[in-house]
K.L.:
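First, the structure itself, so that you have it in front of you.
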Amino acid sequence: MSDKNQRSNPLSAGLDSGGSFNRFETGSQRKPTADTSRGSLFDELLEGEPIFDDKDVLRPAYTPSTLPHREAKINEMASILASALRSETPSNILIYGKTGTGKTASSKYVSEELERASDRYELPCHVEYVNCEVIDTQYRVFAKLANTFIDNNLNAIDAQIELLTEQVRSLRAGDGPEELTMDNLPELLDRIQALEADQENFERVPMTGWPTDRVYEAFFDAVDYQECVVIIMLDEIDKLVEKSGDDTLYNLSRINSDLVRSRVSIMGISNDLRFTDTLDPRVRSSLGEEEIVFPPYDANQLRDILEHRAEVAFKSNSLTEEVIPLCAAYAAQEHGDARRALDLLRTAGELCERDQSDRVEVTHVKRAQEKLELDRIIEVVRTLPHQSKLVLYATILLDKYTDSNSKTGEVYDVYRQLCEELGSDCLTQRRVTSLISELDMLGIINAVVVSKGRYGRTKEISISKHRDETEAVLSSDSRFAELGDVQPYIQARFD
DNA sequence: CTTCCACAGGAAGAAACGGCTC
DNA sequence: GAGCCGTTTCTTCCTGTGGAAG
């Protein structure tokens with residue numbers, strides 16, 4: 001499963017079997033042989049022993065070969081899906097758990113194992129992964145699935161045609177296998193013709209433009225073309241329902257009654273335990289045939305996970321004793337998020353490397369915690385739409401030049417000034433209210449609804465920690481360049 | 001207890017847009 | 001090129017509401 005350690009590396013020609021650099025002098029210190037008195041940009045950075053053996057092990061994309069503290073859940077999933085290998089339709093499964101509790105990793109692990117087993121049993125079994133945070137409408141879910149199966153079918157048809165063409169060729173040349181005679185020729189040609197007709201019939205679904213029922217039909221035809229058991233894994237299924245209702249799930253859960261050759265089963269993964277409340281009762285009962293809950297990891301379990309990975313990721317003796325417990329403790333505070341714990345450990349290691357220290361220490365972890373939070377905010381702010389940036393900038397100006405927390409009305413006033421100054425379109429207060437809520441959800445600002453009694457109900461808005469860094473990101477946007485002299489004006493207004 | 005402020009936030013639908021079909 | 005279809009963004013209209021003031 002994991003070929004990380006043997007993956008082909010374009011640079012591997014320069015490594016001897018021991019992994020040391022024979023391009024330079026053999027030895028653990030990577031020093032260039034040429035003139036060292038001058039020193040290049042990178043020499044200094046590469047000085048000292050590297051502490052990582054394989055950093056990728058700490059990245060979220062890595063699927064480990066063992067998932068500590070999830071064996072029971074994995075067995076539970078496997079026992080449900082096993083019926084796929086008997087050509088039966090497995091029950092639909094709903095998997096709950098907060099982020100970083102191993103839902104997706106476990107599900108992917110089980111589905112990879114299932115697909116592997118299905119090769120051995122010669123029972124075609126496909127698991128299709130759909131991330132509903134990205135693909136969040138009925139149209140797009142069916143379009144993605146349809147296109148995947150269409151591609152699969154076209155590849156299978158291509159291979160089949162190639163095989164048949166080869167048989168025809170050898171038959172005509174007279175060197176074909178014994179069991180084929182010239183009498184088979186018309187049959188072979190007929191089959192090739194039929195396959196070519198099928199090939200014509202499959203048409204990829206465009207990004208938009210088709211009516212949804214046509215996309216559904218395309219998906220249906222593609223799935224039912226070859227006999228197989230299909231498991232559709234809908235990650236973040238709650239996002240799909242929130243965004244576009246339960247039509248997708250309704251259609252998927254009914255599809256088996258019309259399929260002739262194939263069987264479809266759904267595996268939903270959700271962060272939200274209560275998302276089925278809003279579903280149509282028919283969908284709820286069919287979707288939740290089996291439910292599995294992934295509890296958050298506690299600090300001890302996180303420590304186990306980190307130790308497992310650190311063993312592979314770091315060279316021995318690269319971590320001081322307190323590092324892993326601290327990473328685990330930080331992540332346990334954030335509802336037992338293993339992804340967060342791994343990010344912390346990796347970043348702490350990177351900071352340590354940059355410091356050219358030999359061992360990761362507690363201070364590196366603390367700095368990593370700060371850095372991760374700041375990086376996230378900067379990335380979110382940088383990619384914000386223009387109008388949201390204006391609202392955020394208005395909030396920052398108010399925060400800078402007034403003492404108390406600002407209110408929705410005040411933010412809207414300043415926002416209008418900014419729009420006027422920049423000549424941008426000015427949205428309604430209703431819309432700005434939603435933008436403020438979105439910024440709150442992203443954790444860039446804190447907005448709390450408070451009642452001022454006689455003086456109405458409003459949101460009290462404050463900037464979360466990194467105000468100056470946030471402002472710097474906004475100022476770097478070229479569209480904000482001409483705003484320089486507006487600040488004193490706004491300052492005067494609210495002094 | 002009633003009034004009333006200053007909004008919050010839901011519902012519905014208009015507008016704009018990309019991409020399709022015929 | 002007109003007419004659909006799905007999606008996103010935004011507006012309009014509306015009802016709801018916590019609690020200080022009266």
Side-chain angles (χ1 to χ4, degrees), chain A residues 130-147 150 200-222 234 236-252 272 274-275 277-278 380 383-395 398 402 404-416 418-420 422-442 444-462 479 493-494:
Chain A
V130 180
N131 185 347
C132 300
E133 191 170 19
V134 187
I135 300 171
D136 57 0
T137 64
Q138 172 167 224
Y139 185 98
R140 290 212 282 244
V141 169
F142 283 132
K144 166 161 199 268
L145 292 171
N147 284 336
I150 287 170
E200 292 285 304
N201 283 335
F202 284 121
E203 185 188 355
R204 283 183 66 89
V205 181
M207 275 166 58
T208 64
W210 283 12
T212 308
D213 52 349
R214 186 174 162 195
V215 183
Y216 175 79
E217 266 170 40
F219 163 66
F220 184 94
D221 292 341
L234 298 168
E236 317 243 1
I237 193 173
D238 44 328
K239 299 276 164 55
L240 175 67
V241 175
E242 184 186 308
K243 186 84 194 306
S244 42
D246 52 11
D247 290 351
T248 319
L249 301 179
Y250 181 69
N251 287 329
L252 274 178
D272 181 4
R274 289 174 306 127
F275 98 98
D277 293 357
T278 53
V380 171
T383 52
L384 238 34
H386 184 59
Q387 291 291 350
S388 298
K389 280 184 177 172
L390 278 170
V391 173
L392 178 60
Y393 199 52
T395 318
L398 276 166
T402 59
S404 52
N405 288 342
S406 30
K407 299 172 193 66
T408 308
E410 294 170 0
V411 171
Y412 187 63
D413 274 346
V414 177
Y415 159 81
R416 268 214 323 250
L418 293 176
C419 287
E420 220 168 273
L422 288 174
S424 340
D425 289 340
C426 185
L427 304 179
T428 56
Q429 180 155 343
R430 174 70 189 86
R431 181 64 188 142
V432 169
T433 305
S434 329
L435 292 182
I436 290 173
S437 301
E438 281 170 27
L439 291 172
D440 179 34
M441 292 230 289
L442 290 169
I444 306 172
I445 61 174
N446 298 314
V448 191
V449 181
V450 289
S451 181
K452 299 269 179 197
R454 196 71 204 246
Y455 305 104
R457 233 159 86 91
T458 183
K459 267 186 169 145
E460 269 196 354
I461 305 158
S462 59
R479 282 169 295 190
R493 206 161 173 266
F494 283 91

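Here is the naming used below: chain letters follow the sequence lines, and residue numbers restart at 1 for every chain.
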K.L.:
To the nearest angstrom, how far is Lys144(A) atom NZ from dT7(C) atom C1'?
P.N.:
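So the two atoms are 20 Å apart, to the nearest Å.
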
K.L.:
Hey, does Gln429(A) have a side-chain heavy atom less than 4.5 Å from the side chain of Thr408(A)?
P.N.:
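The answer is yes; the side chains approach within 4.5 Å.
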
K.L.:
Just how far, in rounded Å, is P of dC5(C) from CZ of Arg140(A)?
P.N.:
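After rounding, the reported distance stands at 19 Å.
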
K.L.:
Please report the distance, rounded to the nearest Å, between CZ in Phe142(A) and C1' in dG6(C).
P.N.:
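Between C1' of dG6(C) and CZ of Phe142(A): 15 Å.
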
K.L.:
Between Gln138(A) and Tyr216(A) (side chain of the first, backbone of the second, donor and acceptor by atom type, cut-off under 3.5 Å), is there such a pair?
P.N.:
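Side chain of Gln138(A) to backbone of Tyr216(A): no pair is present.
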
K.L.:
Between Thr137(A) and dT7(C), does any side-chain N or O lie under 4.0 Å from OP1 or OP2?
P.N.:
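Checking dT7(C) against Thr137(A), a side-chain N or O does come within under 4.0 Å of OP1 or OP2.
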
K.L.:
Return the 5'-most residue of the pair Arg454(A), Thr433(A) with respect to DNA chain B, ranking by each residue's nearest nucleotide.
P.N.:
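Taking each residue's closest nucleotide, the earlier one in sequence belongs to Arg454(A).
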
K.L.:
Counting heavy atoms from C-beta on, name the nucleotide in dG6(C), dG19(C), dT8(C) closest to the side chain of Thr212(A).
P.N.:
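Minimum distance to the Thr212(A) side chain belongs to dG6(C).
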
K.L.:
Can you tell if the side chain of Val450(A) reaches within under 4.5 Å of the side chain of Thr458(A), non-hydrogen atoms only?
P.N.:
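Sidechains of Thr458(A) and Val450(A): in contact.
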
K.L.:
Is any side-chain N or O of Arg430(A) under 3.5 Å from a base N or O of dT11(C), one able to act as donor and the other as acceptor?
P.N.:
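Counting by modelled atom types and ignoring angles, no donor-acceptor contact under 3.5 Å is found here.
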
K.L.:
Could you please spell out the steps behind the side chain to side chain donor-acceptor pair (under 3.5 Å) verdict for Thr433(A) and Lys459(A)?
P.N.:
CA-CA 9 Å; Thr433(A) 305; Lys459(A) 267 186 169 145; over 6 Å; no

K.L.:
What range of DNA chain B does chain A touch, first nucleotide to last, counting atoms under 4.0 Å from its heavy atoms?
P.N.:
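Taking any atom under 4.0 Å from a heavy atom of chain A, the span is dC4(B) to dT21(B).
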
K.L.:
Please give, in whole Å, the distance from dG18(C) C1' to Lys459(A) NZ?
P.N.:
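Whole-Å distance recorded here is 15 Å.
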
K.L.:
With a 4.5 Å cut-off on side-chain heavy atoms, are Leu384(A) and Ile444(A) touching?
P.N.:
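Touching, per the 4.5 Å side-chain cut-off.
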
K.L.:
Within this structure, what is the CD-to-C1' distance between Gln429(A) and dC13(C), rounded to whole angstrom?
P.N.:
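Those two atoms, CD and C1', are 15 Å apart.
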
K.L.:
Rounding to an integer number of Å, can you tell me how far Gln387(A) CD sits from dT9(C) P?
P.N.:
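Interatomic distance, CD of Gln387(A) to P of dT9(C): 12 Å.
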
K.L.:
Below 4.5 Å, heavy atoms only, C-beta onward: do Leu427(A) and Leu390(A) meet side chain to side chain?
P.N.:
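Sidechains of Leu390(A) and Leu427(A): no contact.
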
K.L.:
Work out which heavy atom in Ala394(A) is nearest to a heavy atom in Leu418(A); give both atom names and the distance.
P.N.:
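So the two residues come closest at N-CD1, 3.8 Å.
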
K.L.:
With a 4.0 Å limit, can you tell me whether Thr428(A) has a side-chain N or O closer than that to the phosphate oxygens OP1/OP2 of dT11(C)?
P.N.:
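Yes, within the criterion.
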
